[in-house]
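Please read the structure below before turning to the comments.
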Amino acid sequence: MVSDLPMPGLLPGPSLDDHPGAADVTIARAVLPPAAMANVHHELNFEIADLMRMSMRHGTTMLYDPLPDALADDMALYLGGTGFGALLHQRGMVLLHASAVRIGDAAVLFCGPSGAGKSTLAAALVEAGHDHVADDFCAISFAADGTPMVAPDGRRHKLWDSAIDGLAALDRRGGAVRSDMAKYYVDPRRTVATPLPIAAIFELAVGDAVEIAPLGGLELVRVMREHAYRPNLVSLMGQHRPYFEAATIIAKNSKAAKLIRPLQFDMVATTISTLEGYLDQQ
């Protein structure tokens, strides 16, 4: 990736000086007209109120046009989230609004709406000795033998102050995710750099005790549709069938369950222990 705008949410990659021609995503400032409908598979146009206009093109290029008084870090947040998500949709990827960690030799995904605790649970698992794979969205593909895979996304954790304190991660806290919130980028303690098979997908829910309820194939179809990254893009681009097909394959190859747990930090160890025990079951 090459960008003329600093992207604080991304982990540094190898220098393009050492890998000429390696980048296949370009982020660049441009003068853009008011957002207009186009062939969405080749051009997606957005306007973020009071911030910027964005145009995602051909799955490879993000153009942005700042509005007056726009802050660079606020623009980077949307380009690194909605922008990358739109590019991956244009590439035909199946995207879940999920975070992922490596447990054993495979990836475990945690999906749910904003505020469900995806990033916090993933960060807690990394602090417990597992590896960070992805934050906020997961791009799913399939190996030649049909095995569902998820790719690492090269992004930092995004955590609230309370989570950073609870995880004792203040020494790895970076800048604010957005200028008007106490949520910060945090460097993961451990990361992976290659795609991993998917061992399980968990839908997060809040409850008084930690429990795990297995989900059947039809429920996984619901989870995949409800927790797609930017479901409106799935509809706009006519991608419902790939999500249904992906859910069918994942249901045959991986575990799917609802993970119910309290959000209090004194229950994190119990949540992790219960989760690890469930995954160890054949």
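Using modelled atom types and a 3.5 Å distance limit, the side chains of H42 and Q90 yield no donor-acceptor pair. Side chains of S55 and N45: a donor-acceptor N/O pair is present below 3.5 angstrom, by distance only.
Ring-centre distance between F137 and H97: not below the 6.0 Å cut-off.
There is no path of hydrophobic side-chain contacts, each under 4.5 Å, that joins I260 to V210. Following chains of ILVMFWY side-chain contacts shorter than 4.5 Å, one can reach M56 starting from V25, so the two form part of one hydrophobic cluster. Cluster annotation: I164 and L11 are assigned to distinct hydrophobic clusters (Ile/Leu/Val/Met/Phe/Trp/Tyr, side-chain heavy-atom contacts under 4.5 Å, transitive). By the rule that hydrophobic residues join a cluster once side-chain heavy atoms approach within less than 4.5 Å of another member, V221 and L109 end up as members of separate clusters. Hydrophobic clustering keeps M149 apart from F142 (ILVMFWY residues linked when any side-chain heavy atoms are closer than 4.5 Å, directly or through intermediates).
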Next item on the list: For side chain to side chain contact (heavy atoms under 4.5 Å, CB included), just list the numbers for L79 and M52, CA-CA rounded to whole Å, side-chain angles, deciding distance to a tenth of an Å, and then say yes or no.
Entry: CA-CA 10 Å; L79 291 167; M52 65 177 167; 3.9 Å; yes
Next item on the list: Show the numbers, then the answer: is there a side chain to side chain contact (heavy atoms under 4.5 Å, CB included) between Y278 and F202?
Entry: CA-CA 11 Å; Y278 177 81; F202 291 93; 3.8 Å; yes
Margin query: One pair to check against side chain to side chain contact (heavy atoms under 4.5 Å, CB included): R29 and L63. What are the steps and the verdict?
Written below: CA-CA 6 Å; R29 182 168 178 164; L63 303 177; over 6 Å; no
Margin query: One pair to check against side-chain hydrogen bond (donor to acceptor under 3.5 Å, both in side chains): E276 and H130. What are the steps and the verdict?
Written below: CA-CA 11 Å; E276 291 172 333; H130 302 290; 2.7 Å; yes
Margin query: Go through it in stages, so that I can follow the logic: the residues are R190 and D131, the test is salt bridge (Lys or Arg N to Asp or Glu O under 4.0 Å), and I'd like the CA-CA distance, side-chain angles, deciding distance and then a yes or no.
Written below: CA-CA 5 Å; R190 302 157 55 99; D131 295 332; 2.9 Å; yes
Next item on the list: Tell me, with the steps shown, if L204 and K118 meet side chain to side chain contact (heavy atoms under 4.5 Å, CB included).
Entry: CA-CA 8 Å; L204 298 184; K118 302 182 297 295; 4.0 Å; yes
Notebook entry, point to check: Run the salt bridge (Lys or Arg N to Asp or Glu O under 4.0 Å) check on R172 and E127 step by step: do they pass?
Noted result: CA-CA 12 Å; R172 286 175 284 114; E127 293 298 312; 2.6 Å; yes
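To the nearest 0.5 Å, atom NE2 of residue H132 and atom CZ of residue R102 are 14.0 Å apart. Interatomic distance, CG of L167 versus CZ of R189, reported as 9.5 Å (0.5 Å rounding). The CG atom of L279 sits 4.5 Å away from the CG atom of L275 when rounded to the nearest 0.5 Å. Separating the CE atom in M62 from the CG atom in L87 is a distance of 4.5 Å, to the nearest 0.5 Å. Summarising the geometry, atom NE2 belonging to H227 is positioned 4.5 Å from atom SG belonging to C111; distances are rounded to the nearest 0.5 Å. If you take CD1 on I198 and OG on S254, they are separated by 6.0 Å, rounding to the nearest 0.5 Å.
Around CG of D4, the count of heavy atoms belonging to other residues, nucleotides or ligands within 6.0 Å exceeds 12. For N232, the CG atom counts as densely surrounded, since its 6.0 Å shell holds more than 12 non-hydrogen atoms of other residues, nucleotides or ligands. Atom CG of D69 sits in a sparse spot, with 12 or fewer heavy atoms from other residues, nucleotides or ligands closer than 6.0 Å. Within a 6.0 Å radius of CZ in R225, other residues, nucleotides and ligands contribute 12 heavy atoms or fewer. Residue-environment remark: CZ (F265) exceeds the threshold of 12 foreign heavy atoms within 6.0 Å. More than 12 heavy atoms of other residues, nucleotides or ligands lie within 6.0 Å of CG in D171, so this atom counts as buried by the packing criterion. The environment of CZ in R222 is crowded: more than 12 heavy-atom neighbours from other residues, nucleotides or ligands sit within 6.0 Å.
Using a 4.0 Å cut-off between charged side-chain N and carboxylate O, D24 and R91 make a salt bridge. Between R178 and D74, no side-chain nitrogen of the basic residue sits less than 4.0 Å from a carboxylate oxygen of the acidic one, so the salt-bridge criterion is not met.
M93 approaches I140 most closely through the heavy-atom pair CE-O, 3.9 Å. The two residues R261 and A116 make their nearest non-hydrogen contact at NH2-O, 2.7 Å. The nearest pair of heavy atoms linking L95 to G85 is CD1-O, 3.4 Å. The minimum heavy-atom distance between P231 and E226, with the atom names listed, is CG-O, 4.2 Å. Between Y243 and A228 the shortest heavy-atom distance is CE2-CB, 3.6 Å. When all heavy atoms of I212 and P214 are compared, the pair lying nearest together is O-CD, 3.8 Å.
The shortest distance between side-chain heavy atoms of V186 and K158 does not fall below 4.5 Å. You'll find the side chain of L220 stays beyond 4.5 Å of the side chain of L215, heavy atoms only. Counting only heavy atoms from C-beta outward, the side chains of F84 and L10 approach each other to under 4.5 Å. Counting heavy atoms from C-beta outward, Y64 and M75 have side chains that approach closer than 4.5 Å. The closest side-chain heavy-atom distance from L236 to H89 is not below 4.5 Å. Residues L233 and L44 meet the side-chain proximity criterion, which asks for heavy atoms closer than 4.5 Å. L77 places a side-chain heavy atom less than 4.5 Å from the side chain of Y185. Put simply, the side chain of V108 does not reach to within 4.5 Å of the side chain of I201, judged on heavy atoms.
For D153 (side chain) and D135 (main-chain N/O), a donor-acceptor pair under 3.5 Å exists by modelled atom type. Looking at T271, its side chain does come within 3.5 Å of a backbone N or O of M267 through a donor-acceptor pair. Between the S99 side chain and the D136 main chain, a donor and an acceptor come within less than 3.5 Å of each other. Under the 3.5 Å distance criterion, the side-chain polar atoms of T274 are matched with a main-chain donor or acceptor of T270.
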